[in-house]
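For reference, the structure is listed below as structure tokens.
Side-chain atoms are counted along with the backbone in the values below, which use heavy atoms only and exclude waters and symmetry mates.
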Amino acid sequence: MISIIASDMDGTLLNDKMEISPENTAAIKKAQAAGIEFIVATGRGLSEAQPLLNQVGLDPAYITLNGAQVFNTAGQLVVNEPLTDRMAKQLATELRAQGFYFELVTNRGVYSESKVRRIQNVADLLVNLNPDTTYKIAVALAAARLEIMNINYVDNYDQLLNDRDFQIMKILVFSSEGPDTFVPIRQKYIDDQEIVITSSSPNNIEINSIKAQKGLALLDYAKQKNISADQVMAIGDNMNDYSMITAAGVGVAMGNAIPAIKQVATFTTATNIKNGVAQAIDWALMQNSMQK
């Protein structure tokens, strides 16, 4: 029996317009009515994720920032796993020296040093996730997204990095040159016991505390509810979903998922623009009905 369904957002729950389709919404509500808990597991912060769910009348629990923060259905913070101050400063220094544009995701919102570069890089992400979307449309969508997100702009990050009231939950690094650009920093930290580097598209890397992983957070959340791993389904498309796809009893790859995710998944559903999440949920509901 499936008791919890966890879904990634970008490239998974969201379509090419960065919206949750009526079909996905209906399937989620049907699962909830059947007693299955739906939980979002995303690289986004709560302020970036929650408005999109609330728009369609959904108010689930959230695994955010790849597992760095977890919020229960009452909106209470129940997990908090920031980067250490030392590591955050070290990474910021290295990324600046290499000329990367990066953002600091903190316990007080998302911070950027450039609104223009943020729009450009989010547009690149949207095009990569949805190849049928033109860059011009992606720029418009990226700019519109900023209106519902708690994005803060600063001249530089030094004050944040030296202010103990701020915790750096995740560092999000962008490059339009693709994954090869990130090879040196990935190689440097590949065996590091303090941080983990994942990605949600070919044009970014996401740096978290090694304790902040979707799979760890999902199984811990289930354990608190006395639910075993084999009663959990996880749906995703990219490497920051790998830990939960492999940890869950049923791992589902989107039709648009990268090959590495499809290889470890239990099965592959339709793409994010063909309501793949809804199809996966329907499969879970059918399995549950057969086991009653």
Where the side chain of [X] meets the backbone of [Y], is there a donor-acceptor pair that is under 3.5 Å apart?
| X | Y | answer |
| --- | --- | --- |
| Asn152 | Val110 | yes |
| Asn72 | Gln76 | yes |
| Asp8 | Asp241 | no |
| Thr106 | Ile168 | no |
| Ser199 | Pro202 | no |

Starting from the C-alpha separation in whole Å, work towards a yes-or-no answer on side chain to side chain donor-acceptor pair (under 3.5 Å) for Lys274 and Asn15.
CA-CA 8 Å; Lys274 295 292 185 179; Asn15 60 23; over 6 Å; no
If you draw a 6.0 Å radius around [atom1] in [X], do more than 12 non-hydrogen atoms from other residues or ligands fall strictly inside?
| X | atom1 | answer |
| --- | --- | --- |
| Tyr242 | OH | no |
| Glu194 | CD | yes |
| Lys211 | NZ | no |
| Asp155 | CG | no |
| Met290 | CE | no |

Ring of Phe174, cation from Arg117 - is the NZ or CZ under 6.0 Å from the centre and inside 45° of the axis?
no
May I ask you to decide whether [X] forms a salt bridge with [Y], counting only side-chain N to carboxylate O separations under 4.0 Å?
| X | Y | answer |
| --- | --- | --- |
| Arg108 | Asp163 | no |
| Arg44 | Glu206 | no |
| Glu81 | Lys170 | no |
| Arg164 | Asp85 | no |
| Glu37 | Lys225 | yes |

Check whether the ring centres of Phe166 and Tyr111 lie less than 6.0 Å apart, and answer yes or no.
yes
Audit row: Thr12, Asp237, side chain to side chain donor-acceptor pair (under 3.5 Å) steps and yes/no:
CA-CA 6 Å; Thr12 301; Asp237 72 309; 3.2 Å; yes
One pair to check against side chain to side chain donor-acceptor pair (under 3.5 Å): Asn54 and Gln50. What are the steps and the verdict?
CA-CA 6 Å; Asn54 289 349; Gln50 195 172 45; 4.6 Å; no
Could you list the residues that satisfy ring-ring contact (aromatic ring centres under 6.0 Å, His included) with Phe100, not counting sequence neighbours?
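Scan of Phe100 (ring-ring contact (aromatic ring centres under 6.0 Å, His included), adjacent residues dropped) gives Phe182.
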Apply side chain to side chain donor-acceptor pair (under 3.5 Å) to the pair Asn275 and Ser21, showing each step before the final yes or no.
CA-CA 7 Å; Asn275 307 307; Ser21 70; 2.6 Å; yes
